[in-house]
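Report on the following structure.
Labels below follow one simple rule: chain letters A, B, ... track the order of the sequence lines, proteins then strands, and each chain is numbered from 1.
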Protein chains: 2
Amino acid sequence: MSKKTDFNAEKFFLALSDRTRLRLLNLMQDDEVCVCFFTEVLQSPQPTISRHLAYLRQAGVVNARREGKWMHYRIVDPPDARAAQVFREIRAWLSEDPELRRDRERLARVCCAPKLPLALRDAPRPLSLVSIEKRPATS
Amino acid sequence: MSKKTDFNAEKFFLALSDRTRLRLLNLMQDDEVCVCFFTEVLQSPQPTISRHLAYLRQAGVVNARREGKWMHYRIVDPPDARAAQVFREIRAWLSEDPELRRDRERLARVCCAPKLPLALRDAPRPLSLVSIEKRPATS
DNA sequence: GCCACATATTCGCAAATGCGAATATGTAAA
DNA sequence: TTTACATATTCGCATTTGCGAATATGTGGC
């Protein structure tokens with residue numbers, strides 16, 4: 001029904017006009033992220049997260065990739081060059097927001113914690129955080 | 001109830017998530033513009049235009065200035081420097097949209113027309129267009 | 001004061017949205 | 001195929017939004 005190319009500005013801004021969705025995008029800043037980490041970091045029910053991710057997908061600002069049972073979401077740049085530039089600047093702007101900063105820290109903490117919350121024992125971690133996690137101890 | 005400084009991103013994006021409001025902002029690109037021209041160019045009922053302008057005002061993206069019976073609206077940059085940068089880029093991006101281009105042309109035509117539509121005989125024109133209008137004939 | 005005019009706000013209602021609860025789908029493993 | 005688990009979608013329902021119609025407000029001129 002809708003083609004890849006029907007990216008429009010109103011839909012784009014509507015996707016960004018909700019705090020939950022901004023928080024989700026913020027967590028994908030550096031990497032694709034598995035849905036289970038979104039629910040853990042935002043402390044929101046899974047259907048809520050899923051619905052907001054669907055919203056972002058339909059607006060064309062994220063892609064989903066399946067890996068076994070897990071779904072990874074990543075930011076995708078809009079086809080139009082100026083729109084892509086705008087989107088990058090928006091992300092840079094938002095990343096300074098205090099709550100969003102805390103969210104990213106929380107994601108890092110959750111991923112690197114030696115004792116993961118029960119549900120996340122085998123969940124695939126965001127790549128950038130895995131590399132931190134696997135860094136040899138400074139001893 | 002709400003202070004000048006409570007500019008937030010969600011509200012900002014929500015303000016931009018509607019075609020009518022994007023068209024309004026686009027018409028203010030170069031100058032402040034009188035409400036009567038908005039209704040003329042967009043061909044929408046006055047209360048609709050007024051409501052959307054109020055929306056933009058509450059989001060902190062435009063200011064209103066009264067001049068006698070007329071109200072002039074102009075774009076105002078957000079207090080945060082990065083937000084302001086983002087807003088400028090957004091406007092540059094949008095100004096390439098075909099419909100928005102046509103709207104600006106239509107505004108120029110309406111303002112410069114020797115026979116103004118009945119209601120706009122005495123309406124104050126946007127400054128940049130007035131200067132075009134008053135340019136001496138090339139004869 | 002009254003009137004005319006530009007713009008803003010209110011009101012009522014139809015349509016859209018958001019959310020929790022329940023259910024469905026897709027995948028892996030036994 | 002059955003089970004378990006991660007994620008997506010559907011369903012009801014309460015809340016919000018958008019719009020036209022009507023009305024209110026602010027201003028200038030008489």
Side-chain angles (χ1 to χ4, degrees), chain A residues 1 10-11 13-24 27-28 32-59 62-74 110 116-126, chain B residues 1 10-11 13-24 27-28 32-59 62-74 110 116-126:
Chain A
M1 190 67 54
E10 304 94 281
K11 211 164 45 168
F13 292 126
L14 193 56
L16 301 181
S17 68
D18 176 276
R19 186 110 263 253
T20 299
R21 292 194 289 271
L22 293 183
R23 293 177 74 191
L24 289 171
L27 291 177
M28 303 178 220
E32 63 176 12
V33 172
C34 175
V35 172
C36 56
F37 288 110
F38 292 136
T39 64
E40 178 64 25
V41 172
L42 300 198
Q43 298 274 68
S44 300
Q46 176 265 322
T48 296
I49 298 292
S50 193
R51 248 181 290 117
H52 282 293
L53 287 170
Y55 220 135
L56 293 172
R57 242 188 298 120
Q58 283 163 37
V62 305
N63 270 346
R65 178 178 72 86
R66 181 178 282 281
E67 182 189 340
K69 292 187 287 190
W70 294 284
M71 292 292 278
H72 299 263
Y73 280 80
R74 75 162 66 233
V110 167
L116 283 166
L118 330 91
L120 303 178
R121 208 59 46 99
D122 312 306
R125 321 264 200 299
Chain B
M1 190 68 53
E10 303 94 282
K11 212 165 45 168
F13 292 125
L14 193 56
L16 301 182
S17 68
D18 176 276
R19 185 110 265 250
T20 299
R21 293 196 288 272
L22 293 183
R23 294 177 73 191
L24 289 170
L27 290 177
M28 303 176 220
E32 62 176 13
V33 172
C34 176
V35 173
C36 56
F37 288 110
F38 293 136
T39 63
E40 178 63 25
V41 171
L42 300 198
Q43 299 274 64
S44 301
Q46 176 265 323
T48 296
I49 297 293
S50 193
R51 248 181 291 118
H52 283 294
L53 287 170
Y55 219 134
L56 292 172
R57 244 188 295 119
Q58 283 163 38
V62 305
N63 270 346
R65 179 179 71 86
R66 182 178 280 284
E67 182 189 339
K69 292 187 288 190
W70 294 284
M71 292 291 278
H72 298 262
Y73 280 80
R74 78 161 65 233
V110 166
L116 283 165
L118 331 89
L120 303 178
R121 210 58 47 100
D122 312 305
R125 320 266 200 300

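Both A:Gly68 and A:Arg21 sit near DNA chain C, but only A:Arg21 has its closest nucleotide nearer the 5' end.
Under the rule for a side chain to side chain donor-acceptor pair (under 3.5 Å), the partners of B:Arg65 that lie at least two apart in sequence or sit in another chain are B:Glu32, B:Glu67. Considering only residues two or more places apart in sequence or on other chains, A:Arg66 meets the salt bridge (Lys or Arg N to Asp or Glu O under 4.0 Å) condition with none of them. Listed by chain and residue number, A:Asp18, A:Leu24, A:Leu42, A:His52 satisfy the side-chain contact (heavy atoms from CB on, under 4.5 Å) test with A:Thr20 (two or more places apart in sequence, or in another chain). Here B:Arg19 pairs with A:Glu10, B:Arg23, B:Asp97, B:Glu99, B:Leu100 under the side-chain contact (heavy atoms from CB on, under 4.5 Å) rule; sequence neighbours left out. Taking A:Ser17 as the reference, A:Leu14, A:Arg21, B:Phe13, B:Leu14 meet the side-chain contact (heavy atoms from CB on, under 4.5 Å) condition, with sequence neighbours excluded.
Atom pair B:Leu53:CG and D:dG18:P shows a separation of 14 Å (rounding to whole Å applied). Note: CZ (B:Phe37) to P (C:dA6) measures 11 Å, nearest angstrom. Taking atom CE on A:Met71 and atom P on D:dT9, their separation rounds to 8 Å, with Å as the unit. Across the protein-nucleic acid pair, A:Arg65 atom CZ and D:dT7 atom P stand 12 Å apart, rounded to whole Å. The CG atom of B:Leu24 sits 15 Å away from the C1' atom of C:dA8 (whole-angstrom rounding). One can place CD of A:Gln58 at 15 Å from P of C:dA16, the figure rounded to the nearest angstrom. Across the protein-nucleic acid pair, A:Glu67 atom CD and D:dT7 atom C1' stand 14 Å apart, rounded to whole Å. C:dA28 atom C1' lies 9 Å from atom CH2 of A:Trp70, rounded to whole Å.
B:Phe38 comes within 4.0 angstrom of no nucleic acid atom, judged by non-hydrogen atoms across all strands.
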* Structure fact -> In 5'-to-3' order, the base (B), backbone-only (S) or no-contact (-) status of each nucleotide in nucleotides 19-26 of chain D, using a 4.0 angstrom heavy-atom cut-off, is BB-B---S
* Just do the side-chain contact (heavy atoms from CB on, under 4.5 Å) check on A:Phe38 and A:Met28 with the steps written out, would you? => CA-CA 10 Å; A:Phe38 292 136; A:Met28 303 178 220; 3.7 Å; yes
* Asked: Where do B:Val35 and B:Tyr73 land on the side-chain contact (heavy atoms from CB on, under 4.5 Å) test, with the steps shown first?
  -> CA-CA 7 Å; B:Val35 173; B:Tyr73 280 80; 3.5 Å; yes
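OP1 or OP2 of D:dA8 lies within a sub-4.0 Å distance of a side-chain N or O belonging to A:Tyr73.
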